[in-house]
Amino acid sequence: PRSPDSMAGIYIHIPFCRQACLYCGFHFSTSVGDRDRMGEALARELRLQKDFFGAEGVETVYVGGGTPSVIGVTAIRRLLDEVREVFSVAPAAEYTLEVNPDDLTAERLRGYREAGVTRLSVGIQSFFNEDLAWMNRAHDAPAAEAALEMVAAAGFANYSCDLIYGYPLLTDEKWVSNIKRMIGSGAPHLSCYAMTVEPRTALEHHIRTGKAAAMDEEQAARHFR
């Protein structure tokens, strides 16, 4: 039985990315050729699960990945419309969309709001170009700064930003700088993740073959504190 304090929620995974991050262990593809078929499959799956919650109303919908922002506004709108059509969604439900800085424009952000997105999760990760390049992120530091400005200007009062710590390039000074820059941006929520070496990732391969240094647990502990 569910806890009386729990809420009904739906997580939807969009398995497409512009490029592969060094550390990522999630299921994804850098080819978006099947995105329309994937959207149709998700719609079918939602309808198959229409009785999952019974009479209980859905209070949170989270679209993650992968990188949902690579499939465009129209696909996101169709997906959320399908959720609202199939399930009993609370009027004040929270709709979260994961986005990357390199995908954001003022027009796209406006489209997300019109589609019903109420909260964004922005994959900043770092404000240092060399760190972003090491991670094989698709954006650079100026794009990270611009993304925060665009999100705030678009009227999203509720959004979260991600930072990663505990990897070889990140000195203690750089980590403090990242945190201060994020706090200074006015972002209402910050999520910090320790760099984790997942099996069968590029990072794991680089460490195993000596192309990259192993993670330092003491460094990660310092950054956590």
Side-chain angles (χ1 to χ4, degrees), residues 10-43 45-46 61-80 83 95-105 107-109 111-112 115 117 119-148 150-151 156 159-167 169-170 178 191-207 211-212 215:
I10 298 172
Y11 173 80
I12 299 172
H13 185 80
I14 305 297
F16 302 114
C17 289
R18 197 172 301 284
Q19 61 190 49
C21 295
L22 181 75
Y23 52 83
C24 185
F26 292 106
H27 174 72
F28 69 92
S29 171
T30 55
S31 172
V32 297
D34 285 333
R35 61 184 174 183
D36 290 340
R37 290 178 60 208
M38 182 69 191
E40 294 167 2
L42 285 171
E45 179 69 15
L46 287 168
V61 180
Y62 191 106
V63 184
T67 313
S69 53
V70 303
I71 67 171
V73 173
T74 300
I76 295 298
R77 181 185 295 112
R78 287 173 179 166
L79 188 58
L80 296 185
V83 169
Y95 294 86
T96 298
L97 178 70
E98 287 185 356
V99 298
N100 277 351
D102 45 295
D103 294 321
L104 297 184
T105 64
E107 183 179 5
R108 274 200 171 196
L109 288 166
Y112 292 146
V117 175
R119 178 177 178 271
L120 297 176
S121 177
V122 189
I124 299 293
Q125 315 311 353
S126 176
F127 291 104
F128 291 93
N129 280 332
E130 64 269 27
D131 295 42
L132 292 167
W134 179 83
M135 296 176 197
N136 201 38
R137 297 289 293 177
H139 69 279
D140 57 14
E145 300 274 11
L148 294 177
M150 283 191 289
V151 167
F156 281 95
Y159 60 96
S160 176
C161 297
D162 295 349
L163 290 176
I164 298 180
Y165 65 86
Y167 54 91
L169 273 68
L170 189 68
N178 274 341
S191 294
C192 300
Y193 300 93
M195 180 64 76
T196 304
V197 183
E198 300 289 350
R200 299 183 299 280
T201 59
L203 179 57
E204 188 269 341
H205 175 75
H206 289 348
I207 292 173
K211 295 180 181 178
M215 301 302 107

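When a residue number appears, it is its place in the shown sequence, counting from 1.
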Check the pair Leu120 / Leu104 against side-chain contact (heavy atoms from CB on, under 4.5 Å), numbers first and verdict last. CA-CA 11 Å; Leu120 297 176; Leu104 297 184; 5.5 Å; no

For a 4.5 angstrom cut-off between non-hydrogen side-chain atoms, does Phe156 reach Tyr112? yes

Using a 4.5 Å cut-off on heavy atoms from C-beta on, say whether the side chain of Thr67 contacts that of Val99. no

Please verify the inter-ring angle class for Trp134 with Tyr167; under 30° counts as parallel, over 60° as perpendicular, anything in between as tilted. parallel

So which of Met195, His205, His206, Arg137 actually passes side chain to side chain contact (heavy atoms under 4.5 Å, CB included) with Leu22? His206

Please determine whether side-chain contact (heavy atoms from CB on, under 4.5 Å) holds for the pair Val117 and Thr96, giving the CA-CA distance in whole Å, both sets of side-chain angles, and the decisive distance to 0.1 Å. CA-CA 6 Å; Val117 175; Thr96 298; over 6 Å; no

[atom1]-[atom2] distance between [X] and [Y], expressed to the nearest 0.5 angstrom:
| X | Y | atom1 | atom2 | answer |
| --- | --- | --- | --- | --- |
| Met38 | Leu79 | CE | CG | 9.5 Å |
| Gln125 | Cys192 | CD | SG | 10.0 Å |
| Phe26 | Glu198 | CZ | CD | 7.5 Å |
| Tyr193 | Ile164 | OH | CD1 | 9.5 Å |
| Phe128 | Ser126 | CZ | OG | 6.0 Å |

Between the side chains of Tyr165 and Asn178, does any donor sit under 3.5 Å from an acceptor? no

Can you list the steps and then say if Thr201 with Glu204 is a side-chain contact (heavy atoms from CB on, under 4.5 Å)? CA-CA 5 Å; Thr201 59; Glu204 188 269 341; 3.5 Å; yes

